[in-house]
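I have placed the structure first, in the form of structure tokens, so that the comments after it can refer back to it.
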Protein chains: 2
Amino acid sequence: MFSKSTEYALRATIYIARQSSIHKKVSIQEIAEGIGAPKHFTAKILQQLSNKNAQIVSSISGPSGGFYITEEASKKPIYIVVEAMGENTVIESCVLGLPNCNDATPCSMHKSYKGIKKELLGMFKNRTINEVANSKDCLTPVYFNRNK
Amino acid sequence: MFSKSTEYALRATIYIARQSSIHKKVSIQEIAEGIGAPKHFTAKILQQLSNKNAQIVSSISGPSGGFYITEEASKKPIYIVVEAMGENTVIESCVLGLPNCNDATPCSMHKSYKGIKKELLGMFKNRTINEVANSKDCLTPVYFNRNK
DNA sequence: ATTATTAAAGATAATTTTGTCCTTAATTTT
DNA sequence: AAAATTAAGGACAAAATTATCTTTAATAAT
Ligand code: FES
Ligand code: FES
């Protein structure tokens, strides 16, 4: 559904929200291993998630530095992660790839897709980062690095 | 959601199902223009859709040749198009990109996604090519080449 | 048979995505 | 102040996707 980048971004955000706080930061190394993603690629993605526009995760350089997420940010919907990666279109656009997916210019899948699209959007817009990260639905410790 | 290839494949299949019959075939040229896709790239995709494994669309070379779809094929679900392009995983796999999206090994999005996934799959597995192509929901003639 | 038309097939190129590496800057510890 | 640790940033490389071009094969019309 999403690109690798966005998948890693979601996993990294959830990982950070689970493992860290302002007092206990996590390193790129740890995050990359925890989510099963290449280290340097993960670093790039974390930059996107922490830059001025996104401000989803926070970071501090130097020893005992690393990444963490503020209470404030963790209350935001996971949608912002997808948005920061520029992939919100994946959820919002036409199944057939036509421009303007809306009731005024429907494609022949639109009527079937409309409801699903709404639910998909809802899933990302209504659930907060914190809620997803600490959901009781799955708390296996080795969660993100299941063997592929 | 899908790759360009799969989007083109879906549009092309729907286009052919609308415009053609065994008596009135359509050329690559016409299809490509009709769906707003690059001609030679469309040709490649049509090859995939017509090869021995897929057999979704049929073709005949030579003058007055072109593509068409059999009654039999048009009764199959549009899912087979997505499958022929090797992108059924898009619908079937984990939102976070983890392996084995199922109730036994859920990720923290799984519970929310489960129902949506089922509907998405249903949309592709329950609707036939013919049904989608000739749906009353959208019969605008210039449908596939809306200006982008 | 020859010519024209159309898809099939293969080679190549451009672009985007994914992944790696190396240097710099920031910050803490010693 | 110096050394160590960590993220930031930029350059580069590999792989995958998308797109184009050229030649070949099939078929029909002349
Ligand atoms: S216009 Fe195609 S899904 Fe909405
Ligand atoms: S396991 Fe992640 S959506 Fe099913």
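The analysis underlying the following values was restricted to heavy atoms, covering all of them including side chains, and did not include hydrogens, waters or symmetry mates. Note that this is a predicted model, so its numbers are computed, not measured. We name chains A, B, ... by the order of the sequence lines, and we start the count at 1 in each one.
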Discussion item. Donor-acceptor check, side chain of Thr105(A) to backbone of Asn100(A), threshold 3.5 angstrom: yes or no?
Written reply: yes
Discussion item. Closer than 3.5 angstrom, by distance alone: can the side chain of Thr13(A) be matched with the main-chain N or O of Ala9(A) as a donor-acceptor pair?
Written reply: yes
Fill in: Residues that Lys44(B) engages under side chain to side chain donor-acceptor pair (under 3.5 Å), provided they are two or more places apart
none
Item to complete: List in numerical order all residues of residues 41-49 of chain B for which some heavy atom is under 4.0 Å away from an atom belonging to DNA chain D.
Response: Phe41(B), Lys44(B)
Fill in: Interatomic distance, Ile69(A) CD1 vs dA7(D) P [rounded to whole Å]
16 Å
Practice prompt. Starting at atom CE of Met85(B), determine the distance to atom C1' of dT17(D), rounded to an integer number of angstrom.
Written response: 11 Å
Response to the item:
Scanning both residues in full, the closest heavy-atom pair of Tyr8(A) with Pro38(A) reads OH-CD, 3.7 Å
Worksheet item: What distance do Gln19(A) atom CD and Ile14(A) atom CD1 have between them, rounded to the nearest 0.5 Å?
Response: 12.0 Å
Practice prompt. Give, for atom CD1 of Ile78(B) and atom OG of Ser108(A), the distance between the pair rounded to the nearest 0.5 Å.
Written response: 8.5 Å
Worksheet item: Is there a side-chain polar atom (N or O) of Tyr8(B) under 4.0 Å from OP1 or OP2 of dT18(D)?
Response: no
Worksheet item: What is the distance from CD of Glu7(A) to P of dG19(C), rounded to the nearest Å?
Response: 10 Å
Discussion item. Please check this pair: side chain of Lys111(B) against backbone of Ser135(A), looking for a donor-acceptor N/O pair closer than 3.5 Å.
Written reply: no
Worksheet entry | Atom-to-atom span, NZ of Lys4(A) to P of dA16(D) - whole angstrom | 11 Å
Discussion item. When both hydrogen-bonding distances must be under 3.5 Å and the geometry is Watson-Crick or G-U wobble, what is dT18(C) paired with, if anything?
Written reply: dA13(D)
Worksheet item: Roughly, in whole Å, what's the span from NZ in Lys39(A) to P in dA8(D)?
Response: 14 Å
Worksheet item: Out of Leu49(A), Thr70(A), Ile16(A), Leu46(A), which residue meets the side-chain contact (heavy atoms from CB on, under 4.5 Å) rule with Ile56(A)?
Response: Leu49(A)
Response to the item:
Rounded to whole Å, CD1 of Ile35(A) lies from P of dG19(C) at a distance of 11 Å
Practice prompt. For nucleotides 24-30 of chain C, just jot down a letter per nucleotide in 5' to 3' order: B, S or -, based on protein non-hydrogen atoms under 4.0 Å.
Written response: --BBB--
Response to the item:
Between NE2 of His40(A) and P of dA14(D) the distance, given in whole Å, is 15 Å
Worksheet item: Among dT18(C), dT6(D), dT22(D), which nucleotide sits nearest the side chain of Ser5(A)?
Response: dT18(C)
Fill in: Gln29(B) CD - dA4(C) P separation (whole Å)
19 Å
Worksheet entry | Atom of Glu92(A), atom of Lys117(A) and distance for their closest heavy-atom approach | O-NZ, 2.8 Å
Discussion item. Heavy atoms only, 4.0 Å cut-off, all strands: where does Val57(A) land among base, sugar-phosphate and nothing?
Written reply: nothing
Discussion item. Quick check: on DNA chain C, is the nucleotide nearest Phe2(A) upstream (toward 5') of the one nearest Phe67(B), or the reverse? Name the residue that is more 5'.
Written reply: Phe67(B)
